[in-house]
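Note on naming: letters A, B, ... go to the chains in the order of the sequence lines (proteins, then strands), and numbering restarts at 1 for each one. Not measured: the values here are computed from a predicted model. Scope of the values below: all heavy atoms of this structure, side chains included, with no hydrogens, waters or symmetry mates.
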There are 2 protein chains.
Amino acid sequence: MGNSVLSSEERILEAAKKVFHHKGFDGARMQEIADEAGVNKSLVHYYYRNKDNIFQAVFEDAFSKLISRLNEIFFSELPFSAKIETFIDYYVTFLSQNAYLPLFILNGLYEKPDQIRKIMGKNQLSPDRLMDQIRKQVKEEMNIDINPMHIYINVLALSIFPVIAKPLIQTIFGFSNEQLLRFFEERKTSVPEFILNALTSHEKNTSR
Amino acid sequence: MGNSVLSSEERILEAAKKVFHHKGFDGARMQEIADEAGVNKSLVHYYYRNKDNIFQAVFEDAFSKLISRLNEIFFSELPFSAKIETFIDYYVTFLSQNAYLPLFILNGLYEKPDQIRKIMGKNQLSPDRLMDQIRKQVKEEMNIDINPMHIYINVLALSIFPVIAKPLIQTIFGFSNEQLLRFFEERKTSVPEFILNALTSHEKNTSR
DNA sequence: AGTACTTTTGACCACCTGGTTAAACCAAAT
DNA sequence: ATTTGGTTTAACCAGGTGGTCAAAAGTACT
């Protein structure tokens, strides 16, 4: 357990991430965080005054980790199809390795709705510009006029949900761990195909 | 708070649902369940011996509620496009009114992976038959050969994720409650269009 | 060696947690 | 009226909870 070069404060934060990610706010124990970091429980309180504080630190870290790259890709100069492919590929890989993150964040958003805006401020999302860009790109490249918000949410849904629903998928289909991995690998190509096909007009959109 | 015709046992279960759905297993308090049901805490233990038991009762109820109609629709005799439309319409409505359910279930699947198989046994899923049917239908009606598992997961993702991510969506887009409702209403038509378009071949699928 | 400062610890606490138990309550049957 | 059965309650408990505090250990400077 000899913990290398990290300072106590850093080790505590890392330990807190591990514990909060896996157990959530209510399930996490200050003692467990201290044990995981190899320090006395009081030291946790010394650096982060209380449970809420350290949770917020963990939450902000997780949140920005999850969305920073998202914006990077979506605001890049790539054509839309490349964006989708790049994004799915990156996200499926990233989320496979950090499977706990999305559920942790979604739970956090429900439990602590107050602190969201603070974090939103830090990680500039500027959705208006993003939506304009998506609408324009899809119109130009796919010749289809569709509410970009739905596209955006659909892309997120198709990338994130399967990771969250891992245990469900595994039980439904009876997947072993290797089979599940292969399933996620397949999605790296099948999901972009699915999305881009959905956005390709073959005849005019059905009126309603 | 005069609770009408329900027996104490039923009132306790209803109270337990409310509390567990909103707070999760670790966040829920036996005392709060008792208060919510308007009974003494000991009575909760009298009917359901311990916290785990009553949680399992709540979980099974939620789980079967969520998937029973799913199978009903997917195993019906409808053409595939009608299935998708029916399913999305039903699910978006149902989930809007039970927004806590999906997250509650997904968390439960992570926290109590042991009890899953029991429940899976009760609510027969028989995924093999379902997958065969989907593949066959999509091939016949859309003339496209695609792994039905991905279709199935995609449909679930597009219906369930937005509900789970409610607070996220609301914050990103700055939606009021009414705007969010309208957004979900729109999805009842936009999502089936999206899916069916994605499954309509305009040129042969890229080989691999 | 002594001082001033931060870091780390053990002991402690008030409160809350799920759970137990024995007694009270209440109907229906005798 | 008494018994019998299920129902409901108050009182209680051992263990755990986040959090405090003062003392100890370490560090750097003089």
Side-chain angles (χ1 to χ4, degrees), chain A residues 1-62 104 107-108 110-112 114-115, chain B residues 1-62 104 107-108 110-112 114-115:
Chain A
M1 293 271 168
N3 233 327
S4 52
V5 288
L6 294 169
S7 71
S8 292
E9 188 172 359
E10 291 166 327
R11 291 220 311 283
I12 290 171
L13 187 62
E14 289 307 310
K17 285 184 201 172
K18 199 166 172 180
V19 176
F20 277 126
H21 286 333
H22 289 294
K23 313 242 170 134
F25 182 81
D26 293 318
R29 300 284 161 250
M30 297 298 272
Q31 185 62 60
E32 194 180 350
I33 294 174
D35 291 347
E36 184 72 35
V39 300
N40 189 286
K41 177 162 73 85
S42 297
L43 203 63
V44 181
H45 284 91
Y46 175 74
Y47 284 111
Y48 307 83
R49 276 219 316 289
N50 52 43
K51 199 180 179 183
D52 273 307
N53 278 166
I54 193 167
F55 179 81
Q56 191 173 342
V58 171
F59 186 80
E60 285 187 28
D61 172 270
F104 168 74
N107 280 319
Y110 272 98
E111 290 167 16
K112 318 263 171 185
D114 339 317
Q115 306 175 341
Chain B
M1 292 276 164
N3 233 327
S4 51
V5 287
L6 293 169
S7 71
S8 291
E9 187 172 359
E10 289 166 327
R11 292 219 312 283
I12 290 172
L13 186 61
E14 289 308 309
K17 284 184 200 172
K18 199 166 172 180
V19 176
F20 277 126
H21 286 334
H22 289 294
K23 314 242 170 137
F25 182 82
D26 292 318
R29 299 285 161 251
M30 297 298 273
Q31 185 62 60
E32 195 181 349
I33 294 175
D35 292 347
E36 184 73 34
V39 300
N40 189 284
K41 177 162 72 85
S42 297
L43 203 63
V44 181
H45 284 92
Y46 175 74
Y47 285 111
Y48 307 84
R49 275 217 318 288
N50 53 42
K51 199 181 180 183
D52 273 307
N53 278 165
I54 193 167
F55 178 82
Q56 190 172 343
V58 171
F59 186 80
E60 285 186 27
D61 173 89
F104 168 74
N107 280 319
Y110 271 99
E111 289 167 17
K112 317 262 173 187
D114 338 318
Q115 306 175 341

Checklist entry - Which pair of heavy atoms, one from Val44(B) and one from Ile54(B), lies closest together, and at what distance? => result CG1-CD1, 4.0 Å
Next on the checklist: So which atom in Ala16(A) and which in Val58(A) form the shortest heavy-atom distance, rounded to 0.1 Å?
Outcome noted: CB-CG2, 3.8 Å
Rounded distance (Å) that lies between atom [atom2] of [N] and atom [atom1] of [X]:
| X | N | atom1 | atom2 | answer |
| --- | --- | --- | --- | --- |
| Tyr47(A) | dG19(D) | OH | P | 18 Å |
| Glu9(A) | dT8(C) | CD | C1' | 14 Å |
| Phe55(A) | dG18(D) | CZ | C1' | 16 Å |
| Lys41(B) | dA11(D) | NZ | P | 13 Å |
| His45(A) | dG10(C) | NE2 | P | 16 Å |
| Leu43(A) | dG10(C) | CG | P | 11 Å |

Checklist entry - Can you check whether Tyr46(A) has a side-chain N or O nearer than 4.0 Å to OP1 or OP2 of dG19(D)? => result no
Checklist entry - Heavy-atom contacts under 4.0 Å between residues 23-34 of chain B and DNA chain C, which residues? => result Ala28(B), Arg29(B), Met30(B)
Next on the checklist: Set out, in order, the CA-CA distance, both residues' side-chain angles and the distance that settles salt bridge (charged side-chain N to carboxylate O under 4.0 Å, His left out) for Arg11(A) and Glu14(A), then state yes or no.
Outcome noted: CA-CA 5 Å; Arg11(A) 291 220 311 283; Glu14(A) 289 307 310; over 6 Å; no
Checklist entry - When only distance counts, do a donor and an acceptor, one from the side chain of Asn40(A) and one from the base of dG10(C), lie under 3.5 Å apart? => result yes
Item to check | Polar pair under 3.5 Å, donor/acceptor by atom type, side chain Lys51(A), base dG19(D) | outcome: no
Checklist entry - Can Lys112(B) be said to sit on top of Phe55(B)'s aromatic six-ring, NZ or CZ under 6.0 Å from centre and within 45° of the ring axis? => result yes
Next on the checklist: For the OH atom of Tyr48(A) and the CD1 atom of Ile33(A), what is their distance to the nearest 0.5 Å?
Outcome noted: 10.0 Å
Item to check | Interatomic spacing from CE in Met30(B) to CD1 in Ile12(B) - rounded to 0.5 Å | outcome: 9.0 Å
Dump every N/O contact between nucleotides 21-26 of chain C and the protein below 3.5 Å, one line per pair.
unit_1	atom_1	unit_2	atom_2	d
dT21(C)	O4	Ser42(B)	OG	3.4

Next on the checklist: Between Phe104(B) and Phe25(B), is the ring centroid distance below 6.0 Å?
Outcome noted: no
Item to check | Residues Lys23(A), Asp26(B): salt bridge by 4.0 Å N-O rule | outcome: no
Next on the checklist: Applying side-chain hydrogen bond (donor to acceptor under 3.5 Å, both in side chains), can you list everything that pairs with Gln31(B), at least two apart in sequence or on another chain?
Outcome noted: Asp35(B)
